[in-house]
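So the structure is just underneath, and the comments pick up after that.
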Amino acid sequence: MTKTNLCGMFVEEIVAATSSCGLEKYRGRQLAEWIYQRQAADFEAMTNIPKAKRELLAANFSVGIVTLQAEQAAADGSTSKFLLALNDGLAVETVLMRHRYGNSVCVSTQVGCGMGCVFCASTINGVVRNLTGGEILAQVLYADKVLSQNNEKVDSVVIMGSGEPLANYDNVLKFIRLCHEEYCLGMSYRSFTLSTAGLVSGIDRLAAEGLPITLAISLHATNNTERSLLMPINEKYPMEQVMAAANRYATTTGRRVTYEYTLIAGINDTDRHARELISLLRNRLANVNLIPINPVPKQGLHRPDKASINRFVETLKRGGVNATVRREMGTDIRAACGQLRHKVLNEVDNT
Ligand code: SAH
């Protein structure tokens with residue numbers, strides 16, 4: 001019999017799940033604190049719960065979700081990438097980035113991805129399955145545990161790892177709400193950024209939650225023809241619909257929307273593209289985040305040189321569009337989406 005895992009449950013759910021063990025109600029909160037704040041490896045460690053109850057719990061439930069399968073650290077120590085194995089043997093990537101302004105964790109929301117963007121490694125073998133809320137949370141908890149060795153903690157979460165978060169809506173929302181609970185990580189909703197390839201119905205649903213989460217839209221192109229070549233999802237949700245939804249999100253939440261634009265040499269980095277981007281985004285509550293592509297082997301796509309990147313960003317700024325270039329963290333450790341998992345999968349295939 002597989003034991004029910006308590007990690008990923010709200011206190012009320014823990015209370016309901018464990019009611020057959022004859023625990024007093026207040027024990028639910030104790031369990032949550034052990035699981036989320038102290039990250040107890042097993043029930044045995046939960047010493048404020050009577051021993052007999054701990055044994056009963058251990059016979060019926062589990063708490064662990066991920067184990068480290070591979071790790072890479074950038075040469076400058078700023079970024080660590082973890083390949084974390086899930087209980088069914090699949091693995092996901094999680095990236096810990098240490099910025100001057102705090103520690104940020106990039107979580108995956110699916111094993112693989114179904115979006116098919118041509119520049120991305122996560123999607124090469126399609127989507128395998130959705131992660132549960134607990135599996136997404138376990139990635140943040142893992143990073144938090146690593147940080148706690150230096151008395152540090154996770155300050156912000158970017159939902160930008162492998163997977164399309166709005167294609168796994170309920171689990172992603174549960175994850176965010178759990179992180180917010182004070183018996184869990186007590187994080188404010190403002191410290192979350194969710195990146196989407198542009199699932200319009202999901203964007204509207206998120207707006208209706210009334211949470212001040214930052215929304216990031218993967219744009220990557222300036223017209224539908226070019227965007228469809230890079231992102232097949234554009235056939236279903238064309239750019240103007242995505243941008244209209246992003247506008248509604250900005251109006252409803254008052255939050256500035258981030259547009260991500262991966263710069264690919266010769267494909268979307270010319271002066272014409274910069275000018276078109278300006279006409280699309282001027283007068284909107286928007287930031288542009290330029291991401292020089294992390295080239296995936298065999299895809300034949302290349303990163304523009306530094307001069308072209310600078311010219312692009314300067315053109316945007318002169319045109320009145322807020323733009324920043326994403327700091328290149330972890331290129332030396334294949335921090336681009338899905339690249340570590342893809343490498344490990346291939347090594348396994350090749351043996
Ligand atoms: N499914 C979500 C999250 C994807 S990852 C989405 O589409 O937004 C976060 C960002 O990295 C997205 O903008 C994605 O398009 C971009 N990205 C993926 N692979 C990349 C690569 N090799 N180089 C640069 N950016 C990449």
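As the structure lists them, so they are numbered: ligands from 1, and atoms in each ligand from 1.
Every N/O-N/O distance between Arg326 and ligand 1 stays at or above 3.5 Å. Residue Ile291 places no N or O, backbone or side chain, under 3.5 Å from any N or O of ligand 1.
The atoms of ligand 1 that sit less than 4.0 Å from any heavy atom of Met160 are 5 (S), 9 (C). Below 4.0 Å from some heavy atom of Gly163 lie the following atoms of ligand 1, by number and element: 1 (N), 2 (C), 3 (C). Per-residue contacts place His220 under 4.0 angstrom from the following atoms of ligand 1 (heavy atoms of the residue considered): 13 (O), 14 (C), 15 (O). Near Cys120, the atoms of ligand 1 lying under 4.0 angstrom from a non-hydrogen atom of the residue are 18 (C), 19 (N).
Within the 4.0 Å heavy-atom criterion, the part of Thr196 lying near ligand 1 is the backbone and not the side chain. With a 4.0 Å heavy-atom cut-off, ligand 1 is reached by the backbone of Ile293 and by its side chain too. Contacts between Glu260 and ligand 1, counted as non-hydrogen atom pairs separated by less than 4.0 Å, involve the side chain only.
Under the rule for a salt bridge (Lys or Arg N to Asp or Glu O under 4.0 Å), Lys53 has no partner lying at least two apart in sequence or in another chain. For the ring pair (Phe, Tyr, Trp, His ring centres under 6.0 Å) test, residues two or more places apart in sequence or in another chain that qualify with Phe119 are His220.
Between Phe43 and Leu56 the shortest side-chain heavy-atom distance does not fall below 4.5 Å. Using a 4.5 Å heavy-atom cutoff, the side chains of Ser195 and Ser218 are in contact. With contacts defined as side-chain heavy-atom distances shorter than 4.5 Å, the pair Cys113/Ser162 does not qualify. Side-chain contact between Thr47 and Trp34 is present, with at least one heavy-atom pair separated by less than 4.5 Å.
Between the side chains of Glu235 and Ser228, at least one donor-acceptor pair of N or O atoms lies under 3.5 Å. In summary, the side chains of Arg275 and Thr222 do not present any donor paired with an acceptor at a separation below 3.5 Å, with no hydrogens or angles considered.
Comparing heavy-atom distances from atom 2 (C) of ligand 1 across Gly198, Ser162, Ser195 singles out Ser195 as nearest.
The closest approach between a heavy atom of Glu164 and any atom of ligand 1 is below 4.0 Å.
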